[in-house]
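What you see below is based on every heavy atom in this structure, not just the backbone, and it leaves out hydrogens, waters and symmetry mates. Count residues from 1 along the sequence.
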Amino acid sequence: MSLLLLTGAPTIALACCPGGGNGKELAKRGLGETKPMADNLSNDSSWQVYGFERDGIAYYQVNDLAGRVQLIIGKADDYFWALPAGDNARRVSLPHDRVAAPAEAAGKVVYRHPEFILVLLGGGADAVWAVEVPRPAG
């Protein structure tokens, strides 16, 4: 385990596993690019998901099939955040900051990681991207 100390910010303990836990090595550069030199990790052929790692922090970028960046999620240990990136303002629901999904919205798993899944709820302008983490048993 490594530690990251940011000036003026709390210390964050980071657990880093090769490939972000999915068996593929995360890219070291290209975040925000239309067609990054990185493996497409998506579980859904309608989307492209790319993983990046720098200084123990993982980033997951979702592009549409035209290559437009839709959202980027950052992950440090069990904390997630959405970066201000992408062509459109996307609604993102995070484990610590929930956003209401459209009523009766069907969920589609776009990316599956051992520690979380990225789900698209609904479609169009009302769609919500949700980072879901498994609940501890017990």
Side-chain angles (χ1 to χ4, degrees):
M1 182 180 301
S2 61
L3 293 177
L4 173 66
L5 181 61
L6 302 172
T7 305
T11 301
I12 302 171
L14 301 175
C16 183
C17 44
N22 63 5
K24 292 189 179 185
E25 198 64 31
L26 297 183
K28 300 294 181 198
R29 50 197 254 205
L31 183 67
E33 292 180 3
T34 300
K35 294 182 181 181
M37 295 292 293
D39 290 328
N40 180 4
L41 306 173
S42 182
N43 293 95
D44 184 318
S45 61
S46 300
W47 300 97
Q48 300 163 333
V49 177
Y50 303 104
F52 302 89
E53 186 275 333
R54 184 172 183 173
D55 299 327
I57 308 255
Y59 302 92
Y60 297 91
Q61 172 179 316
V62 179
N63 288 12
D64 63 18
L65 294 180
R68 291 181 297 258
V69 176
Q70 299 299 303
L71 67 136
I72 300 174
I73 301 294
K75 178 185 182 306
D77 200 19
D78 62 351
Y79 187 78
F80 296 86
W81 64 96
L83 278 67
D87 286 345
N88 302 304
R90 296 292 177 200
R91 294 181 354 167
V92 180
S93 181
L94 302 168
H96 69 281
D97 187 15
R98 290 286 174 211
V99 172
E104 301 180 27
K108 186 158 80 165
V109 175
V110 175
Y111 175 65
R112 186 176 303 276
H113 182 281
E115 298 173 2
F116 70 96
I117 59 173
L118 181 60
V119 179
L120 178 60
L121 300 165
D126 292 335
V128 171
W129 289 90
V131 174
E132 301 289 341
V133 295
R135 296 181 193 267

Is there a continuous path of hydrophobic side-chain contacts, each under 4.5 Å between heavy atoms, that joins [X] to [Y]?
X: Phe52; Y: Tyr79; result: yes
X: Trp47; Y: Ile117; result: no
X: Val133; Y: Trp129; result: yes
X: Val128; Y: Leu94; result: no
X: Phe116; Y: Val62; result: yes

Between [atom1] on residue [X] and [atom2] on residue [Y], distance to nearest 0.5 Å:
X: Tyr111; Y: Asn40; atom1: OH; atom2: CG; answer: 10.5 Å
X: Ser93; Y: Leu121; atom1: OG; atom2: CG; answer: 7.5 Å
X: Ile73; Y: Tyr59; atom1: CD1; atom2: OH; answer: 12.5 Å
X: Ile57; Y: Trp81; atom1: CD1; atom2: CH2; answer: 4.0 Å
X: Leu118; Y: Leu41; atom1: CG; atom2: CG; answer: 11.5 Å
X: Glu33; Y: Asn63; atom1: CD; atom2: CG; answer: 10.0 Å

Closest heavy-atom pair and its distance - Asp126, Pro102: O-CG, 3.0 Å
Minimum-distance pair of heavy atoms, taken over all atoms of Ile72 and Ala85: CD1-CB, 3.7 Å
I'd like to know if the side chain of [X] reaches the main chain of [Y], judged simply by a donor and an acceptor atom lying under 3.5 Å from each other, with no hydrogens or angles considered.
X: Lys35; Y: Met37; result: no
X: Gln61; Y: Tyr50; result: no
X: Ser42; Y: Val110; result: yes
X: Asn43; Y: Arg112; result: yes

Partners meeting salt bridge (Lys or Arg N to Asp or Glu O under 4.0 Å) with Asp44 (sequence neighbours left out): Lys108
Step-by-step side-chain contact (heavy atoms from CB on, under 4.5 Å) determination, Glu115 to Asp78: CA-CA 8 Å; Glu115 298 173 2; Asp78 62 351; over 6 Å; no
Check: Asp64/Gln70 side-chain N/O donor and acceptor closer than 3.5 Å: yes
CA sep, side-chain torsions, deciding dist, call: Tyr60, Leu26, side-chain contact (heavy atoms from CB on, under 4.5 Å): CA-CA 9 Å; Tyr60 297 91; Leu26 297 183; 4.0 Å; yes
Pairs where residues 97-107 contributes a residue and the test salt bridge (Lys or Arg N to Asp or Glu O under 4.0 Å) is met, not counting sequence neighbours: Arg98-Glu132
